Amino acid sequence: MRNFLVTSPLFGFVLALVFPFSDACADARAGEKKAQVCLLCHRVESTVGAPTLEQQPSQYLVTQTHAYKSGKRVFYQMQANVERLSTKDIQDISDYFSSQRAKPARFATEPDAKTIALGAASAKQLNCAKCHSADYRGGKDFPRLAGQVPTYLVRQIGEFKRGVRPHPAISALAGKLDDVTIEALGVYFAKLEP
């Protein structure tokens, strides 16, 4: 009787009804294997200043990965790493990272309260929450800023300021930011709970 239950197609059908797997779950599971090479750089413990990808909106990750693949967004290492990924690979990897809980950012030394306060005031003045959500955890096409790697955030805001990376909402505003304010924004967002 026990062998019948284990080998019976009916048993498999019953298991499928009791423990259904959604396509999103399957894609995230497939993405976990495909994403392992990404974790060489994209992790909180990394010293290369790459952003963390966990808990980022899947749609945002897909869009940015395609931007690297097409050359619209330029960074040689990323372009080399994504050039052979299929559309399905990109979606699977994005679904995987989106489903993972982000770890808080790390700091070499604890930021001072004045820097955090300047960052908070600047984020409010720039109205960053309009797109990135009130808790700065992003959504759809907008990335999570909360808990992100501070050096990455500072570098990206600097690229918006210099026009290296176009950003419809912030490019003009970023041009008016000084280095102290840019640093404060990076620290403020990084200190927030992801």
Side-chain angles (χ1 to χ4, degrees), residues 2-3 5-108 131-133 135-156 159 165 186 189-194:
R2 204 163 92 184
N3 286 341
L5 285 178
V6 173
T7 59
S8 167
L10 179 62
F11 182 70
F13 177 73
V14 170
L15 277 179
L17 289 175
V18 176
F19 302 107
F21 286 99
S22 70
D23 288 341
C25 179
D27 291 344
R29 292 178 123 195
E32 181 177 10
K33 291 178 184 174
K34 298 173 185 179
Q36 293 311 301
V37 71
C38 307
L39 292 171
L40 294 173
C41 297
H42 293 279
R43 55 192 171 84
V44 146
E45 302 84 7
S46 176
T47 58
V48 299
T52 54
L53 305 178
E54 293 85 1
Q55 215 173 318
Q56 287 288 9
S58 181
Q59 187 174 327
Y60 171 76
L61 293 175
V62 167
T63 301
Q64 295 307 307
T65 306
H66 280 294
Y68 280 118
K69 188 172 179 172
S70 70
K72 184 177 177 183
R73 193 167 170 193
V74 180
F75 187 66
Y76 171 75
Q77 289 87 340
M78 275 298 298
Q79 289 169 298
N81 286 332
V82 303
E83 68 182 348
R84 293 191 178 158
L85 294 179
S86 69
T87 299
K88 173 126 176 58
D89 292 336
I90 292 170
Q91 187 66 62
D92 289 350
I93 291 168
S94 299
D95 288 346
Y96 167 69
F97 280 118
S98 181
S99 72
Q100 300 303 299
R101 180 86 174 116
K103 296 177 184 174
R106 291 190 175 183
F107 292 86
C131 297
H132 296 277
S133 78
D135 59 7
Y136 298 110
R137 290 185 180 155
K140 293 186 182 177
D141 283 325
F142 301 100
R144 169 183 58 80
L145 304 177
Q148 188 54 271
V149 175
T151 53
Y152 173 76
L153 291 168
V154 168
R155 187 172 68 245
Q156 294 310 298
E159 287 187 6
R165 184 176 172 198
F189 291 132
K191 281 295 287 180
L192 296 173
E193 186 68 28

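These numbers come from a predicted model, not from an experiment.
- With sequence neighbours excluded, no residue forms a salt bridge (Lys or Arg N to Asp or Glu O under 4.0 Å) with K140.
- Legend: residues meeting salt bridge (Lys or Arg N to Asp or Glu O under 4.0 Å) with K191, ordered by chain and number and at least two apart, are E110.
- At least one side-chain heavy atom of E45 sits less than 4.5 Å from a side-chain heavy atom of R106.
- The salt bridge (Lys or Arg N to Asp or Glu O under 4.0 Å) search around R84 returns none, not counting sequence neighbours.
- Pairing each heavy atom of D135 with each of A146, the nearest pair is O-CB, 3.7 Å.
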Residues I90, K69; criterion side chain to side chain contact (heavy atoms under 4.5 Å, CB included); working and verdict: CA-CA 10 Å; I90 292 170; K69 188 172 179 172; 4.3 Å; yes
Under the side chain to side chain donor-acceptor pair (under 3.5 Å) criterion, do Q91 and S58 qualify, and how do the steps go? CA-CA 8 Å; Q91 187 66 62; S58 181; 3.3 Å; yes
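- Using a 4.0 Å cut-off between charged nitrogen and carboxylate oxygen, R137 and E193 do not count as a salt-bridge pair.
- The two residues A190 and A105 make their nearest non-hydrogen contact at O-CB, 3.5 Å.
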For the pair I93 and L85, evaluate side chain to side chain contact (heavy atoms under 4.5 Å, CB included) and give the outcome as yes or no after the intermediate values. CA-CA 10 Å; I93 291 168; L85 294 179; 4.1 Å; yes
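- Here the closest non-hydrogen pair linking P143 and P57 is CA-CD, 4.3 Å.
- A distance of 12.5 Å separates OH in Y96 from NZ in K33, rounded to the nearest 0.5 Å.
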Under the criterion side chain to side chain donor-acceptor pair (under 3.5 Å), I'd like the reasoning laid out for D89 against S86: C-alpha separation, chi angles, the key distance, then a yes or no. CA-CA 5 Å; D89 292 336; S86 69; 3.2 Å; yes
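- The heavy-atom pair separating V82 from Y68 by the smallest distance is CG2-CB, 4.0 Å.
- For the pair T63 (side chain) and Q59 (backbone), a donor-acceptor distance under 3.5 Å is present.
- Here T151 contributes atom OG1 and F107 contributes atom CZ; the two are 9.5 Å apart, rounded to the nearest 0.5 Å.
- Between D92 and A30 the shortest heavy-atom distance is OD2-CB, 3.7 Å.
- Inter-residue side-chain proximity for F142 and Y60 is flagged as unmet; no heavy-atom pair is nearer than 4.5 Å.
- Remark: R73 CZ to Q79 CD distance equals 10.5 Å, nearest 0.5 Å.
- Applying the salt bridge (Lys or Arg N to Asp or Glu O under 4.0 Å) rule to E83 yields no partners; only residues at least two apart in sequence or on another chain are considered.
- Side-chain contact check for L192 versus L145: every heavy-atom pair is 4.5 Å or farther apart.
- Here the side chains of Q100 and L53 are not in contact, with every heavy-atom distance at 4.5 Å or above.
- Residues that satisfy the ring-ring contact (aromatic ring centres under 6.0 Å, His included) test with F97, not counting sequence neighbours, are absent from this structure.
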Show which side-chain atoms of residues 35-44 pair as donor or acceptor with protein atoms under 3.5 Å away, not counting sequence neighbours.
| unit_1 | atom_1 | unit_2 | atom_2 | d |
| --- | --- | --- | --- | --- |
| Q36 | NE2 | E32 | O | 2.7 |
| H42 | ND1 | P51 | O | 2.7 |
| R43 | NE | L39 | O | 3.1 |

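- Looking only at atom types and distance, the side chain of R144 has no donor-acceptor partner in the side chain of S133 under 3.5 Å away.
- Among all heavy-atom pairs drawn from S70 and A67, the shortest one is OG-O, 3.2 Å.
- Looking at T52 and Q148, their side chains do bring a donor and an acceptor atom within 3.5 Å of each other.
- Interatomic distance, Y136 OH to C131 SG, rounded to the nearest 0.5 Å: 11.0 Å.
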